[in-house]
Amino acid sequence: MDSPEPERRTEDTEPSTSDTPKPKKVSLKRPAGELKNAKPKKRKKTRSSRPAPLGYRVEQGEDMLLVISSTTSDYERSVWAPPKKGRKKKKLKAKLKAGQSKKKKTTRTKPKLEMLPVVKEKQDTTFFVPQHTEDHRWGQSVPEEVLINIFQMVVVQDGAVPFLCRVGRVCRLWNAAASSPALWRKVTIGHCWIAPGLSQQPKTERRIRDTFTWLSQYRFSQLRDFSLCHWKNNVNFALEVVSTHAPHLHALTLSYCSGLTGVGFHCLGQHSRSLRSINLQHSEFHVDGLVDYLENHGRQIKQILFTHGLKHDRILAAITRGVCPDLEMLEVNTHLNSRDGELPIYTRALQVACPKLKTFRMLNVRPLHRPSRTGADSERGFPLLEELCIATTSFSYMTDKDLWEILFSSTRLRVLDLRGCTRVTPSGLAALPCAELECLYWGQYFNSSVMLSSTKKGLHMLTEKWSRTLQQLDIANQLFTEEELEIAMSYLAQATDTDTLRSLNLSGTRITPPALRSIIGQMTSLSYLNLSSCRYLPRGLKRIYRGQEDIRQLLDKLD
């Protein structure tokens, strides 16, 4: 017989109550030896029993000081303790919570009656402003005369347009003040709708015409001075509307405009009976239309200003024929880069045609003096002439003889501008009949003629003659000798009783420190001094001096 097999014990069998040892449970974890890089487990530190606290403690206080405090004292608050971490954050949180709770409480509570007296005291300290049912804005309480005076200050500085058009839309009071005729006596209109160089659309052109018509009907009733700048279109329309609704028009200025034809001049002659001044500088216009206007209405014109160009000789020829007998100011200029600057002038015929002329300017124009075609000879000349300007940046044909033909009877001359006239000599200037000249501009501002010109003499004759009346003297780049300049400055310094000299330009001259010291020490009212490019002065002094204090510092340096 086979022996019976022993019974197999498994983990699921119930443990027996016998004294046999319990089997160990199988662990699912890998033994430590199987992992190569396994870290050893950290052992837990054994808790050590703390010793009994001492009766004192040593702590580090402020400024690295050691504080010894007793732990057995009855006053616990007196012991210094370092601030704990996180204490500031807790305080901030507590403050925020308190502030939120206070805000919530203040919004819910009603205002107390105890605060009413404080409000009354604040109201009593403020200024009293009358309030009515009709006063909705502070501007309505301002008198209209005050607003007109304020607007007048702005108009003088910036012009009437577009300032008055904008402030008139604020309220009814400002509209009434801006509509005052006293503010619309001088008007300048430029690029109000489009930028320069851009073409006008039909809608924009219609808007321009409507706005301009409305301004002429409701604002230009007392217009005296009207200027139109940088208009390439609608120039004839503007002149027609202005001349129709501005019967008191006195001066007309067209600057950098084009498109003016005979229709515009015809409207001026038909409606503007009070026109006295016409300024057409740097503008393109129909020459025949202006000549026809002068032939029909030239007796009322007193000032004419235009830029010299093609066919513009006919304008000056018409004036010499006597179409403007009451003319007081004549100015002809050209661009600085213009090559066609020669203009024939019949001096004797012009003196006969315009005996009342007071200002005669030829800016950058080289006048060619011609004998009169009709044989007219004036024995009176220009007796009322006060300003003669024949200045150029290139060269001039003016001689002593030509200058004498213009000024042989001009005893009232105050301003003489001969910049660029190299052929005029000091002896020719000293022979002029004017005894009270105030401004003499005789500087040379081009290098070619200055280098070719020789040394001059006779400046002392001019300073001796006009030392008591000269206010501005310009002799820049004039090649006078050092001795001549020193004598001339001494004559100016002798007129200490009048002390009228305000401006002195000695740029490019041979002025020396002794001559300069004499004039600066005596003329206390001198406020402009130009010493640039003066080779006979030490370094650091060749510059422009502005103001009396700056010139006084120069005197200290010369000493």
Side-chain angles (χ1 to χ4, degrees), residues 157 336 387 389 391 393 414-422 426 429-430 435-447 449-451 453 455-559:
Q157 183 177 359
L336 295 178
E387 178 182 351
C389 179
T393 56
R414 297 290 184 271
V415 180
L416 181 59
D417 191 349
L418 299 176
R419 286 174 289 185
C421 299
T422 56
L429 291 175
E436 296 181 355
L437 192 68
E438 297 178 358
C439 302
L440 175 59
Y441 304 99
W442 197 24
Q444 310 297 330
Y445 294 96
F446 47 94
N447 296 326
S449 297
V450 171
M451 298 302 294
S453 60
T455 305
K456 296 182 179 180
K457 295 182 180 180
L459 181 63
H460 66 281
M461 295 187 295
L462 306 182
T463 56
E464 182 182 5
K465 181 178 182 179
W466 297 312
S467 61
R468 298 182 180 275
T469 58
L470 269 180
Q471 298 181 6
Q472 298 182 13
L473 178 60
D474 181 8
I475 53 172
N477 299 317
Q478 289 284 4
L479 299 181
F480 292 102
T481 61
E482 302 93 314
E483 296 79 6
E484 184 68 26
L485 287 171
E486 188 172 355
I487 297 173
M489 295 299 109
S490 64
Y491 279 111
L492 286 177
Q494 291 177 3
T496 56
D497 52 346
T498 56
D499 196 9
T500 57
L501 191 63
R502 302 288 187 274
S503 175
L504 181 60
N505 190 351
L506 300 174
S507 176
T509 60
R510 301 177 181 179
I511 191 71
T512 57
L516 191 61
R517 190 183 300 111
S518 63
I519 186 66
I520 296 177
Q522 299 296 330
M523 293 296 175
T524 59
S525 60
L526 189 65
S527 59
Y528 177 83
L529 179 62
N530 191 347
L531 299 178
S532 58
S533 303
C534 294
R535 298 182 179 180
Y536 288 78
L537 293 179
R539 290 184 176 181
L541 304 181
K542 307 172 186 179
R543 63 182 183 89
I544 300 176
Y545 298 85
R546 292 182 174 88
Q548 297 180 2
E549 295 182 0
D550 196 10
I551 296 175
R552 289 299 174 188
Q553 294 178 1
L554 172 63
L555 183 61
D556 297 338
K557 295 178 181 179
L558 291 175
D559 294 337

A.B. asks: Does a donor on one side chain and an acceptor on the other come within less than 3.5 Å for R468 and T500?
C.D. replies: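 There is no such pair (donor and acceptor under 3.5 Å, judged by atom type) between the side chains of R468 and T500.
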
A.B. asks: Taking atom CD of E438 and atom CD of E387, what is their separation to the nearest 0.5 Å?
C.D. replies: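 It comes to 11.0 Å.
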
A.B. asks: Between G540 and Y545, which heavy-atom pair has the shortest distance, and what is it?
C.D. replies: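 Closest approach of G540 to Y545, heavy atoms only: O-OH, 4.1 Å.
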
A.B. asks: Can you tell whether the side chains of R414 and E436 come within less than 4.0 Å, N to carboxylate O?
C.D. replies: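 Salt bridge present between R414 and E436.
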
A.B. asks: With no hydrogens and no angle check, just 3.5 Å: does a side-chain donor-acceptor pair link S533 and S507?
C.D. replies: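 On atom types as modelled, these side chains do not qualify, holding no pair under 3.5 Å.
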
A.B. asks: Please round to the nearest 0.5 Å and tell me the distance separating atom CG of L531 and atom CG of N505.
C.D. replies: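 Atom-to-atom, L531:CG and N505:CG are 9.0 Å apart.
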
A.B. asks: Atom CG in L418, atom CG in D474: separation rounded to 0.5 Å?
C.D. replies: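 Answer rounded to 0.5 Å: 11.0 Å.
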
A.B. asks: With distance as the sole test, does T509 use its side chain to make a donor-acceptor pair with the main-chain N or O of Q478 at under 3.5 Å?
C.D. replies: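 Pair absent, no side-chain N/O of T509 close to backbone of Q478.
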
A.B. asks: Mind checking whether T512 and R517 have side chains closer than 4.5 Å, heavy atoms only?
C.D. replies: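 With C-beta onward as the side chain, the pair stays apart.
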
A.B. asks: So, taking the atom named CG in L526 and the one named OG in S503, what distance separates them when rounded to the nearest 0.5 Å?
C.D. replies: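 With rounding to 0.5 Å, CG (L526) is 7.5 Å from OG (S503).
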
A.B. asks: May I ask you to test the L529-L516 pair for a side-chain heavy-atom distance under 4.5 Å?
C.D. replies: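 Yes, at least one pair of side-chain atoms sits under 4.5 Å.
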
A.B. asks: Check the pair L501 / I519 against side-chain contact (heavy atoms from CB on, under 4.5 Å), numbers first and verdict last.
C.D. replies: CA-CA 10 Å; L501 191 63; I519 186 66; 4.3 Å; yes

A.B. asks: Okay, side chain of E484, backbone of L459: is any donor-acceptor separation there less than 3.5 Å?
C.D. replies: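 Pair found, side chain donor or acceptor close to backbone of L459.
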
A.B. asks: Quick one: does I551's side chain get under 4.5 Å of Q548's, heavy atoms only?
C.D. replies: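 No; the side chains remain at least 4.5 Å from each other.
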
A.B. asks: Should F480 and E482 count as side-chain neighbours, where that means a heavy-atom distance under 4.5 Å?
C.D. replies: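 Counting from C-beta outward, F480 and E482 never come under 4.5 Å.
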
